[in-house]
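Below: one structure, written as structure tokens.
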Amino acid sequence: MKLFAVFGNPILHSRSPQLWNAAFNARGIDAHYFRINPLDAEHAARLIREIPLDGCNVTTPYKDELFASLDECDDSVAQLHAVNTIKYENRRLRGWNTDMYGVVNSLREDGIQFHGKKIVILGAGGAARAAVYGLLKANAGEIVLLNRTYEKAVAVAEQLGCRAAYASRSKTELQDADVLISCIPANKRIIKPEWLHPGLAVLDANYASHSLLLEDANAVGCHIISGLNWLVHQAVPAFEHLLGVAPEQDMKMTMQQLFANPSSRLHAKSISFIGFMGTGKTTVGKAFAELTGKEFIDTDALIEQRAGMTIPDIFQQHGEAHFRSIERTVFDALDFSTEKIISCGGGAVVNEENRRCLTANTTVIWLWTELHALLNRMDTTNRPLFHVDDVEAKARELLTRRIPIYAQAADMMIVNEKISAASLAKKIYGEIYPTSGD
Ligand SMILES: Nc1ncnc2c1ncn2[C@@H]1O[C@H](COP(=O)(O)OP(=O)(O)O)[C@@H](O)[C@H]1O
Ligand SMILES: O=C(O)C1=C[C@@H](OP(=O)(O)O)[C@@H](O)[C@H](O)C1
Ligand SMILES: [Mg+2]
């Protein structure tokens, strides 16, 4: 099975997995796409090789920094110093930036022509730069970049060939503008409603949280374009780069569903932790339960209770099959009528029914720790599967087999390295309960 992911922080809000997995299904491609919150950009590049992924997308805040880890890239990435699509092939990372198609094709699809038009862009980050680059290539009449830090807007404008203006001039610049594109967080009201005019086309790159700009633009009678269109239109060429076939029809169909069905599973009341032995499921699960005040359950502890003996003893006296059958009974008996934090044993999700139990009732968090790091910090004597001569080889073989299973069960992977369990619990809390979310 091919594996793809989207990297970002935060990342749980991303709807890319729904989009890509639907396209894989429709095309009968044996592949899965999931979300990863890495330590940083450099670590994301390491994870691509470590997992390994066949390719990935990159979102805020890693588009700029991941550029430095590429072995080769196309012109758009070289110009923009920002990457959103990476293919991993022959041990090399090759990057593209397809955001420019996202913005240009979203506007085109809504009947907006660029020739002779004035376009105002808010922000100067990766998305804003891709918008400038794409619209210049599409022969837009005039492009004005507005950014809180004027110097940053000037640098981008000089490099790409458009005009920068002070944020204090927003009102004036918008008076004769035809299109306004926002590439800044959706919870910031930078533009006052009275600076907008009916008929102005307004696109907000951010689709995950409620957009104050789109709310105001709607009230004024502007022509609203959702960031979900941008998501779909950047994904179409990315899919072609990574899979070698065009997904267009499938992705457009999925877009309708995305509008209608904003993934209720991500807001499940119970949270479960899955992942390889020693990645910290028990420790972080406990810390998360403390943070949220919810009931904590460790499926391994329930197994020991039921069997009346320790896990190493169950393995030693009755074998792994017996352990798995008790594990199955424990999952069957889980009661989701009250909210819970559930830490699972590392092999629990290998069973399809256990997996379905979690995906149907919980937001599933996959913890990841690099193999050497987890072997170093783990006491392998109470992990019976590691009672072998070559622990590292056994661990690597087991992990390789399980990675696609974890990927398919999880709503997101998050890395438990170089961070305390309490801090990681807070980071996960921020993902699940975003303060400015929808
Ligand atoms: N963030 C962390 N920092 C330091 N040590 C950790 C962290 N998370 C887990 N550990 C340690 O790693 C070991 C394995 O953790 P555990 O929670 O038992 O993993 P799992 O339940 O996934 O097998 C334990 O010794 C635990 O204290
Ligand atoms: O990975 C596995 O198959 C197992 C993981 C263990 O739990 P932890 O992942 O909490 O160590 C425990 O369920 C048992 O030893 C089997
Ligand atoms: Mg555990």
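Read the numbers this way: they start at 1 and go in the same order the structure lists the ligands and their atoms. The first residue of the sequence shown is numbered 1, and numbering continues consecutively from there.
- Within the 4.0 Å heavy-atom shell around ligand 1 one does not find Gly346.
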- List the steps and the verdict of side chain to side chain donor-acceptor pair (under 3.5 Å) for Gln234 and Asn84. CA-CA 9 Å; Gln234 62 76 31; Asn84 81 329; 3.2 Å; yes

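- Annotation: atom 15 (O) of ligand 2 to nearest protein heavy atom, Pro384 CD, 3.6 Å.
- Side-chain contact between Leu242 and Lys2 is absent, with no heavy atoms from C-beta onward closer than 4.5 Å.
- Checking only distances, Met277 never comes within under 3.5 Å of ligand 1, N or O to N or O.
- Using a 4.5 Å heavy-atom threshold, the side chains of His43 and Lys418 count as separate.
- Between Arg129 and Gln79, every side-chain heavy-atom pair lies at or beyond the 4.5 Å cut-off.
- Near Gly347, with a cut-off below 4.0 Å to any heavy atom, the atoms of ligand 2 are 1 (O), 2 (C), 3 (O), 4 (C).
- Nearest to atom 23 (O) of ligand 1 among the protein's heavy atoms is Arg383 NH2, 2.5 Å.
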- Query: Which is it for Asn37 and Met412 under the side-chain contact (heavy atoms from CB on, under 4.5 Å) test, yes or no, and what are the steps along the way?
  - Reply: CA-CA 7 Å; Asn37 187 327; Met412 67 174 288; 3.6 Å; yes

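- Taking any N or O of Ser420, backbone or side chain, none lies under 3.5 Å from an N or O belonging to ligand 1.
- At least one heavy atom of Phe276 lies less than 4.0 angstrom from ligand 1.
- Counting protein heavy atoms only, atom 7 (O) of ligand 2 is closest to Asp300 OD2, 2.7 Å.
- Here the heavy atom of the protein found nearest to atom 5 (N) of ligand 1 is Arg377 CD, 3.9 Å.
- Going from atom OG of Ser226 over to atom OH of Tyr207 covers 10.0 Å, rounded to the nearest 0.5 Å.
- Ala421 counts as a contact of ligand 1, since one of its heavy atoms falls under 4.0 Å from the ligand.
- Nearest approach of Ile274 to Ala409, heavy atoms of both residues: CD1-CB, 3.9 Å.
- Side-chain contact between Asn57 and Trp20: present, with at least one pair of heavy atoms (C-beta onward) separated by less than 4.5 Å.
- The nearest N, O or S atom of Ser343 is not closer to the Mg ion (ligand 3) than 2.8 Å.
- In terms of protein heavy-atom proximity, atom 14 (C) of ligand 2 is nearest to Phe323 CZ, 3.8 Å.
- When the options Met378, Arg383, Arg324 are ranked by their closest heavy atom to atom 3 (O) of ligand 2, first place goes to Arg324.
- Aromatic pair Trp368/Tyr406: ring centres not closer than 6.0 Å.
- Not a single heavy atom of Ser343 sits less than 4.0 Å from an atom of ligand 1.
- With ligand atoms numbered from 1 in the order given, ligand 2 contributes 8 (P), 9 (O), 10 (O) to contacts under 4.0 Å with heavy atoms of Lys281.
- Contact analysis leaves Glu417 out of contact with ligand 1, as no non-hydrogen atom separation drops below 4.0 angstrom.
- Proximity of Leu367 to Ile414: side-chain heavy atoms (C-beta onward) are separated by under 4.5 Å at one or more points.
- By the 3.5 Å distance cut-off applied to N or O atoms, Gly346 is counted among the residues near ligand 2.
- With Thr282 as reference, Asp298 is the one residue of Asp298, Thr299, Asp300 to meet the side-chain hydrogen bond (donor to acceptor under 3.5 Å, both in side chains) rule.
- Using a 4.5 Å heavy-atom threshold, the side chains of Asn206 and Ser211 count as separate.
- The part of Ile419 lying near ligand 1 is the backbone, judged by heavy-atom distances below 4.0 Å.
- Under 4.0 angstrom from ligand 2, there are no non-hydrogen atoms of Val350.
- Scanning all protein heavy atoms for the shortest distance to atom 27 (O) of ligand 1 gives Thr283 OG1, 4.0 Å.
- Given atom 8 (N) of ligand 1, the protein heavy atom at minimum distance is Asn416 ND2, 3.0 Å.
- Across every non-hydrogen atom of Ser16 and Ser14, the tightest pair is N-OG, 3.1 Å.
- A heavy-atom separation below 4.0 Å is found between Thr279 and ligand 1.
- Note on ligand 2: Arg402 sits in its first shell, one or more heavy atoms being nearer than 4.0 Å.
- For ligand 1, the polar-atom distance check against Gly280 finds a nitrogen or oxygen pair separated by under 3.5 Å.
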- Item | Audit row: Lys340, Thr338, side chain to side chain donor-acceptor pair (under 3.5 Å) steps and yes/no | CA-CA 6 Å; Lys340 289 180 174 54; Thr338 56; 2.7 Å; yes

